[in-house]
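What follows is a short report on a single structure.
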There are 4 protein chains.
Amino acid sequence: MVKAVVLEERDKLSLRDIKVEEKLGRRDVRIGLRNIGICGSDVHYYTHGKIGPFEVRAPMILGHEASGVILEVGADVTELKEGDRVCMEPGIPDPTSRASRLGIYNLDPAVRFWATPPIHGILRPDVIHPADFTFKLPDNVSLKQAAMVEPLATGVHASTKAQIKPGDIAVITGAGTIGFVTLLAARAAGCARVIVSDVDDAKLELAKKLGAAVTVNVRSENLVDVVKRETDGWGVDVAFECSGSQKVAPSLFEAICPGGRVVFIGMPVEPIAYDVTNAAVKEARVEHIFRYAHVFPRCVAMMGSGDVDVTPLITKTFGFEDSIRAFEFATKPPTGSVKVQIEMPS
Amino acid sequence: MVKAVVLEERDKLSLRDIKVEEKLGRRDVRIGLRNIGICGSDVHYYTHGKIGPFEVRAPMILGHEASGVILEVGADVTELKEGDRVCMEPGIPDPTSRASRLGIYNLDPAVRFWATPPIHGILRPDVIHPADFTFKLPDNVSLKQAAMVEPLATGVHASTKAQIKPGDIAVITGAGTIGFVTLLAARAAGCARVIVSDVDDAKLELAKKLGAAVTVNVRSENLVDVVKRETDGWGVDVAFECSGSQKVAPSLFEAICPGGRVVFIGMPVEPIAYDVTNAAVKEARVEHIFRYAHVFPRCVAMMGSGDVDVTPLITKTFGFEDSIRAFEFATKPPTGSVKVQIEMPS
Amino acid sequence: MVKAVVLEERDKLSLRDIKVEEKLGRRDVRIGLRNIGICGSDVHYYTHGKIGPFEVRAPMILGHEASGVILEVGADVTELKEGDRVCMEPGIPDPTSRASRLGIYNLDPAVRFWATPPIHGILRPDVIHPADFTFKLPDNVSLKQAAMVEPLATGVHASTKAQIKPGDIAVITGAGTIGFVTLLAARAAGCARVIVSDVDDAKLELAKKLGAAVTVNVRSENLVDVVKRETDGWGVDVAFECSGSQKVAPSLFEAICPGGRVVFIGMPVEPIAYDVTNAAVKEARVEHIFRYAHVFPRCVAMMGSGDVDVTPLITKTFGFEDSIRAFEFATKPPTGSVKVQIEMPS
Amino acid sequence: MVKAVVLEERDKLSLRDIKVEEKLGRRDVRIGLRNIGICGSDVHYYTHGKIGPFEVRAPMILGHEASGVILEVGADVTELKEGDRVCMEPGIPDPTSRASRLGIYNLDPAVRFWATPPIHGILRPDVIHPADFTFKLPDNVSLKQAAMVEPLATGVHASTKAQIKPGDIAVITGAGTIGFVTLLAARAAGCARVIVSDVDDAKLELAKKLGAAVTVNVRSENLVDVVKRETDGWGVDVAFECSGSQKVAPSLFEAICPGGRVVFIGMPVEPIAYDVTNAAVKEARVEHIFRYAHVFPRCVAMMGSGDVDVTPLITKTFGFEDSIRAFEFATKPPTGSVKVQIEMPS
């Protein structure tokens, strides 16, 4: 029995003892959890009980953005040792699946992902995890920062897919957590200038601090007009759609340059109205991402080198005993709030 | 004054004398036209008087799919000579535009394209054209075949964008001229198996003759079901959308494999309903094409090597004097008709 | 105990009983061998006892190019069944290695490859192999042809790395087995014209039959001169080096066009003299391959579609009882000989 | 007649009046020169009278790394105006050449490049240049910095060719001007960690200041050993060869990871010993660069955003009247010297 943050059912969260059975395999490690971020998906399971086809049918521990410390290593693990500070990739694929063999393990339908029903998350004292998906931290990356690797990975994966060339100019639509980590990743990946749009001035101000060259509040300015002005009418090299809004997509093909790229990161609930002709006259390349693959060690290196500083994104940290309050805060966040973390007792 | 097929205005076509002023530049050639294909766009200008923003406001010579014979060469042309059999790329970009400098001259907004208002087409005895966009034919490629290079170029450009790997499996939706040239191009570009869908059994039969492994009449079979069956449930590597139908697009993301690509070639008039989540779970890459760039010499080589045989696509040939009848035929084509050509007196 | 072709030590080959211990895992199949090609590496182990760091220190069964029939399937295998005709990828990687996770399992140093010491090959009645590396044949691909999938895979992998665009022009230097399969693969992958060079007219004649547009006997003609003549001075898009000769490499950068690619397939024993300046003025991209990854199912599809016909490459077939004679033949092959196969009794 | 730095012949430099005839075309601008860097090639022409096939046969003005101010614009130039601060790309290609049409104008053999015989350079008061190759500076980029765009362009072009992914680890061999600009470019392009090797501790110290994570003096440490240690034995993603040394190349294939890339920037005078087998077991991709294309506006943006700071590379600035002394200084530079500039009177 371990004490954990358990989603009993929709709208009902407990901090209580629960039985979790896990066995340390030869290539596994046991990790003591330290910092855990609350993700929008955690909140969504809490408030809706499901995301798409994934439905909470039995009590499930929440949490998948985590850092920790190695407590024990399996017999065949040599690259990690007790006491190592680490972060963990929350999805474990079947290494022999067709997708995994191709190197796109994130697209393996059999992937087991923390806090995606029926798999338990990690808002609990410890967890057993494959060493291959556990990454040692350099000394200058804190456990707080390391719990941000998971969201950052989305931005880095999107930036990789975008095939950014040094000196590119980009647009990011939507200044939420995903928009911010995409901004950090795109800047580190070579974008010289990034234009960020949103409807919230507080978020746009934070975007400026994080490296946006230009911000656009789309309540008062037209994004395409700003893009044209900032690029001498040519358009941006890359557009990252992070708002998930159905209205935004149509403007992206007007914002990009001939031969430009659009990366969809936000996922609108309903199909969007997509103008093939607008995309055709630009010969747009459109990329989609699903979580991430192979980017955790890259994120750790980017934090360690100082190329990416996620600290301004961590709005507030709660103790483990205050986990329920942390979720309440995250469910109805004050203006300007980005990421809420829970810190385990060490 | 030259005799030409002139679109006077919507619905009104004449075979009459018209004045065309052209001057042979140092890097130009004068070409005697031989075979000219009638394109869907020629027919559309005839029946509607416009395509999107391009409107016929003054009498315009139609035709842009052409082969011919060199009659005269400019002072600085050494690679072509009188008597050479050639085909011609119908769009002439500004070589110093930003898009042209980047090598994507097809996206140059200043491109001058035959039979796109207000630029005259080539249903006339001769034309002056830059040598750089005029391509010599090998002996084993006929002038009839060479007039098919222009539509074939679309298929080859789409296949290039798709980054086909040898042994790929593809779907092509829509068995019209563009579907057929995409089939020929995709097979030559390395697709081992191509599944073609349409609603017309005669077209599907022709697809089989041109190298389709499997055909699907979507009136009686579900395309995604067939794809799953033919690929052990994995999906195809590439989907080429050639129907221009708004209903087809949503099925493409279900038809492709994880990491698959979708190339939009057909251009639906209205925006399509595009499900970002469906595309995301596959991490689909979506490509768009606008005409073509750099592929005419490739098409000529592929015809010369025998890798592509366009002959079965040429349904009927009319003499120049019968041009009006040719357009009537092309406007209301009989079942199974693909490409209509007009042949100039030699 | 099974009867097998055993390399006892350098220069000493036996057809004798040997003990092989293998156990059918849940995702394994047991395959009855049918056709087995003799590879240059088999011959090299026979005549030299080693290849680079791989030395034969104990009796080892030879053979790794194989087709067969499924005899038994493991508990979790659903995609294959008894009686299925198959071909097999001879290298089994560790699926959890870093290289495998990235999708480049051929670069996993822990790969276990048939007939690479100390791993036994498959010149024996049956073998146990993972289902994931066993590929079902379509009805129209014979077991004889299927035993050519392994060498063909090298050509297909090289063609994939070359990122061939439809209509490319290529040079292949060296008309041995690898040159021929690269020719077949490059043509199927979209190369419209291939120029093949060698010193043996009989091999060059076969190259013509297999689809070479031009052949060059470098004893009497200069390859670069021919390339310039055939490409109007521009150069070829891709050069595939298949001779393994140290002298050939320097000419490749003169043969390619600006922005062209060079793929090294042959492996010269000593370092080659590589002129960086020659490569720089073309901005050459140079690719290297090591065996292959992910291409066996592609090869099977390409054989099934008729895009690739390997039959002309199979020079002679020996019965299993004549295996020693087969190796003697392969060791001192007559002019024009390409691939020697051994056929198991069915 | 204009006063210019004229290389009369090998070893003989004058600051004297010379006649230069240039005419302002409709798409040209006239630029007053401001800061001009002395390049290794300028020094080499001075001390050797030639570089490869390019020989100084008549008095030639030196200099090609330049910033300036617009003095006059041609009739069709709208994007620049008198007084604009600019930098200039020194090579002017024929926009209609085959290479230019493909977008690889740097590979056009007809390119006219400043201070490459017989084309005059720009160590003179003004020059006429195409607007398309003249780039406006943002307010926060100084004319001193802007004269560094030309060398930086090489590093940015190399980084683009390397297809850096965010979080990559790189090695740069050779800490001269090109090594330094490649370091700046690689870091800005997403490399999280860069290991720089040289034989000069002063240069390595500067490399640290410019963002190198690790430096290696190859007199005392083995580069491959350091790489293995810093990458847990895996190897670096990219190796940039900037030393031009024939001895360095062989180690690069040991330094990279499986699937890694090697970019040759330095050009050894003699062919290097290149081990194909070493490159093959890694499936290395090798890239070469020749000057640069399309990167000047990117460099300007990267300077403007603060992503790249070239200031520490400018060792010393001489007035125009001291140009001969500047060349003497650059020919025999003191330890730690990187870039020498000449400043025109404004």
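A, B, ... follow the sequence lines: proteins, then strands. Residue 1 opens every chain.
At a 4.5 Å heavy-atom cutoff, the contact between B:Ile272 and chain A is made by backbone and side-chain atoms alike. Using a 4.5 Å cut-off between heavy atoms, B:Asn106 touches chain A through its side chain atoms alone. For A:Ile104, the part lying near chain B is the side chain, with the backbone staying farther off; criterion is any non-hydrogen pair under 4.5 Å. Proximity to chain A is absent for every atom of B:Ile265, based on heavy atoms less than 4.5 angstrom apart.
By number of non-hydrogen pairs under 4.5 angstrom with chain A, the leading residue of B:Glu241, B:Met267, B:Arg261 is B:Met267. In terms of heavy-atom pairs under 4.5 angstrom with chain B, the leader among A:Ala280, A:Gly52, A:Pro258 is A:Ala280.
Under a cut-off of 6.0 angstrom, the local environment of NZ in A:Lys165 is sparse, with at most 12 non-hydrogen atoms contributed by other residues, nucleotides or ligands. Heavy atoms of other residues, nucleotides or ligands lying less than 6.0 angstrom from CZ of A:Phe54 number 12 at most.
Side chains of B:Val286 and A:His288 form a contact here, defined as non-hydrogen atoms less than 4.5 Å apart. Counting heavy atoms from C-beta on, the side chains of A:His157 and B:Glu283 come closer than 4.5 Å.
Interatomic distance, B:Asp232 CG to A:Arg98 CZ, rounded to the nearest 0.5 Å: 7.5 Å. Atom CZ in B:Arg285 sits 6.0 Å away from atom CD in A:Glu287 (nearest 0.5 Å). Here A:Phe290 contributes atom CZ and B:Lys282 contributes atom NZ; the two are 11.5 Å apart, rounded to the nearest 0.5 Å.
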Inset, instruction - For side chain to side chain contact (heavy atoms under 4.5 Å, CB included), just list the numbers for B:Asp275 and A:Tyr274, CA-CA rounded to whole Å, side-chain angles, deciding distance to a tenth of an Å, and then say yes or no. - result: CA-CA 9 Å; B:Asp275 190 320; A:Tyr274 184 107; over 6 Å; no
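Every side-chain contact (heavy atoms from CB on, under 4.5 Å) that A:Ala188 has, sequence neighbours left out, goes to A:Met302, A:Asp307, A:Val308.
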